[in-house]
Amino acid sequence: MTYDFVEPVVFALLSIGLIAGGVAVVMLNRITAAALLMAFTFLCMAGMFVLLGAETIALFQVLIYVGAITVLILYGVMFTRFSDRPRALFFQRQTPLAAVFVAAVAIPVAIVALSFTSPTPRPGGGDLVPLATSVFTDFAFPFEIASVLLLAAMVGAIVLTKRDDPGESALRRRR
Amino acid sequence: MPVGPFGIDPLIWAPLRLVIAVVLALFLVLNGALLQIYLERKIQAIIQDRLGPYHVGPFGLLQTFADALKLISKEDVRAAATDGWFFVAAPALVFCPMLASWVVLPFAQDIVGANLNLGLLYLTTLGSMTVLGIVIAGWASNNKYALVGGLRSAGQLISYEIPQILALVSVALVVGSLSMVDITRSQAGPFVNVLFLPFPFVIYFIAALAETNRTPFDLPEAESELVAGWLTEYSGMRWGTMLALSEYGNVTVVCAIVTTLWFGGWQGPGVDAIPLLGVLWFTLKVYAFIVIMMWIRATLPRLRIDQLMSFCWKGLIPMALVNIVVVAILALAFPTTKIPIAIASWLLLAVFVAGIPLVQRRRLRALRARARAATAPAVRAAS
C-alpha cells in the first residue's frame with residue numbers, strides 16, 4: 001500500500017486555504033478578522049514549506065509571522081479607537097487601475113508557473129545545517145546589513161516615540 | 001523480517017507509538033490538569049498553614065473531579081456584546097498549540113509521537129502561538145479588564161520569548177542537535193546538562209514562569225487589579241479549556257522541556273533494563289518542577305508591569321546574550337571537553353545571583369533620592 005495520494009491532497013487543501021485566506025484578508029472590512037485570517041494564511045504557507053522539505057523555514061515562518069507579527073498587528077489595532085467597525089474599502093475608486101496592475105503581475109507569473117517543468121529539488125528534512133552554513137558564509141554580508149537595518153529601525157522608533165517627562169527632566173537639571 | 005523496539009514489527013510499531021503518544025498526551029493533559037489543580041491547592045494550603053480541600057474523597061482528592069463536573073455541566077454564558085466568532089475561537093487558539101506541542105515530548109525511549117530533528121524549534125514555535133489566542137480573547141470579550149489583560153499578555157509573552165529562546169540555543173550549541181531524543185541521549189549517566197549549563201537553565205526557568213503566566217509573572221490575569229484579566233468574560237468549560245487545561249498543559253510542556261534539556265529526560269536508574277521505566281522517571285522529574293513552580297507561586301508576590309518589563313529587557317536579555325556568546329566561544333575553542341563551559345556557566349550564575357542585590361540597592365537609592373527631591377519643594381512650601 002502506498003501513500004502517494006496524500007501529498008497532492010494536502011497540497012490542494014493548503015492551496016485552497018492559502019488563496020481563500022489571502023482573498024479574505026484583502027476583501028474583509030473587519031481588521032481583526034483580516035489579521036486572524038492572515039495568521040491562517042501564514043500557517044498554510046508554513047504547510048507548503050513542509051511539503052517542500054524546508055521544515056526550518058516553515059517553523060520560522062510560524063514563529064515570526066504568526067507568533068510575533070500578527071500579534072503586533074492586533075496589538076496596534078487595539079490601541080486605535082473604533083477600528084473594528086465595518087468600513088468601506090479604501091481602494092474602491094481605484095478598481096480599474098488595480099485590475100491593470102494585477103493583470104500586469106499575474107499574467108507573467110501564471111505563464112512562468114505553467115511552463116515550469118523541472119522537478120523540484122527535495123532536501124527532505126535536516127535543512128538546518130545548510131541554511132545556517134549559507135547564512136554565516138555566503139550570505140554573511142546581507143545578513144549583517146539586514147540586522148543593521150533592523151537596528152536603525154528600532155532606534156528610529158524609540159526616538160520617535162520617546163517623550164521627555166517634564167518633571168523628570170526638571171529633576172535632572174536640579175541635580 | 002525486521003524487528004523494531006519491544007520485538008514488534010516496525011510497520012505496526014510506527015502507528016502504534018503515535019497512538020501511545022496521543023493517549024499519553026490526552027491522559028496527561030486532562031488528568032494532569034485535575035491533579036495539578038489539586039496539588040496547587042494542597043501545596044499552597046500547606047505553605048499557608050491551612051488544610052486545603054479535604055471533604056470530597058480521601059484527602060480531598062476528588063475535589064477537582066467535582067469541580068470539573070461542575071464546569072462541564074455549567075450553562076454556556078456569553079455576554080451580548082462579545083465578538084461572536086472570535087470569542088468562541090479564542091479558547092481553541094490557546095488550547096491547540098499546547099496540545100500539538102506534546103507530539104515531540106520524549107516520554108521514554110521510543111515513546112515519542114514524532115522524533116522531529118527540529119523538535120526544540122517546533123516547541124518554541126508553538127509556544128509563541130499561544131499569545132495570539134490570548135490577545136484575541138482579550139479583544140473579543142469587549143471588556144476593559146480583558147483588553148488590558150490581553151495587551152499585558154502580548155507584551156509580556158513576546159518579551160520573555162527572547163531570553164527563553166536564547167537559553168535554549170545555548171543548550172543546542174553544546175549538544176549539537178535540536179531533536180528532543182538526541183538531547184536526552186546526549187546526557188547519559190549522571191552527567192546531565194544542568195551540571196554544565198546551570199545559567200541558561202535559570203534564565204529559561206524564569207522566562208518560562210512568565211511564558212506560562214505563573215506568579216510572580218501572572219499580570220495578564222492579576223486578580224487584584226484586573227478581575228481575571230483576559231479570562232474575565234469566560235465561564236464554564238470555555239474557561240476550563242483556557243485556564244485549567246491550557247495553562248496547566250503549558251506548565252507541563254515547559255517542565256518537560258526543562259527535564260529533557262537539563263535533567264536527562266527519561267533517563268534514570270534501571271531504564272536500560274526496563275525501557276517503560278522511563279515514563280515514570282520522566283513524569284517524576286516533570287512533576288518535581290511543577291511543584292517548584294507552585295512553591296514559587298506561594299512564596300513570591302506579583303511584580304508590577306514596569307518591573308516585569310525592565311527585568312526582562314535590562315536583566316534577562318543582556319545576561320542571555322552574554323551567556324550565548326560565552327558558550328559559543330568556549331564550544332568553538334574546546335570542542336572536546338565541556339569543563340570550560342561548565343566553569344564559565346557556574347561563574348555567570350554566581351555573578352547573576354550576586355548582582356541582583358547590588359543592582360537593586362543602587363536602584364532603590366536612586367528612587368529614594370528622587371522621592372526626596374520631589375517632596376522637598378512641597379515641604380518647603382508648606383512650612
Side-chain angles (χ1 to χ4, degrees), chain A residues 1 3 28 30-33 35-40 42-43 46 49-50 53-81 83-85 124-129 131-132 136 154 158 165 167-168 170-175, chain B residues 11 83-86 89-90 93 96-97 100 114-140 142 144 146-148 150-155 157-159 161-162 165 172-173 176-179 366 369-374 376-377:
Chain A
M1 189 171 166
Y3 294 103
L28 276 179
R30 292 182 49 186
I31 192 158
T32 38
L36 207 59
L37 277 165
M38 197 173 75
F40 173 71
F42 288 144
L43 279 178
F49 283 130
V50 171
E55 288 96 349
T56 317
I57 296 173
L59 287 176
F60 276 118
Q61 167 98 8
V62 176
L63 181 69
I64 294 166
Y65 283 91
V66 179
I69 289 184
T70 313
V71 172
L72 281 179
I73 288 173
L74 283 169
Y75 202 81
V77 167
M78 284 177 195
F79 279 121
T80 52
R81 285 179 68 214
S83 52
D84 202 42
R85 297 283 169 79
D127 54 339
L128 187 64
V129 173
L131 186 76
F136 282 106
M154 200 169 78
I158 291 171
D165 186 7
E168 188 116 332
L171 203 67
R172 213 172 290 142
R173 249 178 276 125
R174 205 178 298 145
R175 208 175 285 155
Chain B
L11 254 179
D83 201 336
W85 281 100
F86 294 104
L93 280 174
C96 291
N115 180 13
L116 297 185
N117 54 4
L118 293 168
L120 207 51
L121 190 59
Y122 175 82
L123 281 172
T124 51
T125 300
L126 288 171
S128 78
M129 279 176 71
T130 316
V131 199
L132 194 63
I134 294 180
V135 172
I136 289 286
W139 170 257
N142 198 6
K144 60 186 177 223
L147 185 63
V148 172
L151 289 177
R152 278 185 178 184
S153 170
L157 267 64
I158 287 183
S159 305
E161 227 162 61
I162 300 166
I165 292 175
L173 263 175
S177 171
L178 286 172
S179 154
R370 198 180 298 169
R372 219 178 293 133

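Proteins get letters first, then strands, A, B, ... in listed order; numbering begins at 1 in each.
- A:Ile73 does not touch chain B: none of its heavy atoms, backbone or side chain, sits under 4.5 Å away.
- Here the closest heavy-atom approach between residue B:Val131 and residue B:Ala154 is recorded as CG1-CA, 3.7 Å.
- Heavy-atom distances place no part of A:Ile64 under 4.5 Å from chain B, backbone and side chain included.
- Within 6.0 Å of the CZ atom in A:Phe60, the count of heavy atoms belonging to other residues, nucleotides or ligands does not exceed 12.
- For B:Leu178, the part lying near chain A is the side chain, with the backbone staying farther off; criterion is any non-hydrogen pair under 4.5 Å.
- For the atom pair CG (B:Leu147) and CG (B:Leu151), the distance works out to 4.5 Å, reported to the nearest 0.5 Å.
- For the set A:Val62, A:Leu72, A:Leu63, the entry with the most heavy-atom pairs within less than 4.5 Å of chain B is A:Leu63.
- Interface check for chain A: of the options B:Ala140, B:Gly155, B:Ser128, the most heavy-atom pairs under 4.5 Å are formed by B:Ser128.
- The CZ atom of B:Phe86 sits 10.0 Å away from the CG atom of B:Leu93 when rounded to the nearest 0.5 Å.
- Interface remark: A:Ala39 contributes side-chain atoms only to the contact with chain B (heavy atom separation under 4.5 Å).
- Rounding to the nearest 0.5 Å gives a distance of 4.5 Å between CG of A:Leu36 and CD1 of B:Ile136.
- With a 4.5 angstrom heavy-atom cutoff, B:Ile158 touches chain A only via side-chain atoms.
- With rounding to the nearest 0.5 angstrom, the CG atom of A:Leu74 is 13.0 Å from the CD1 atom of B:Ile134.
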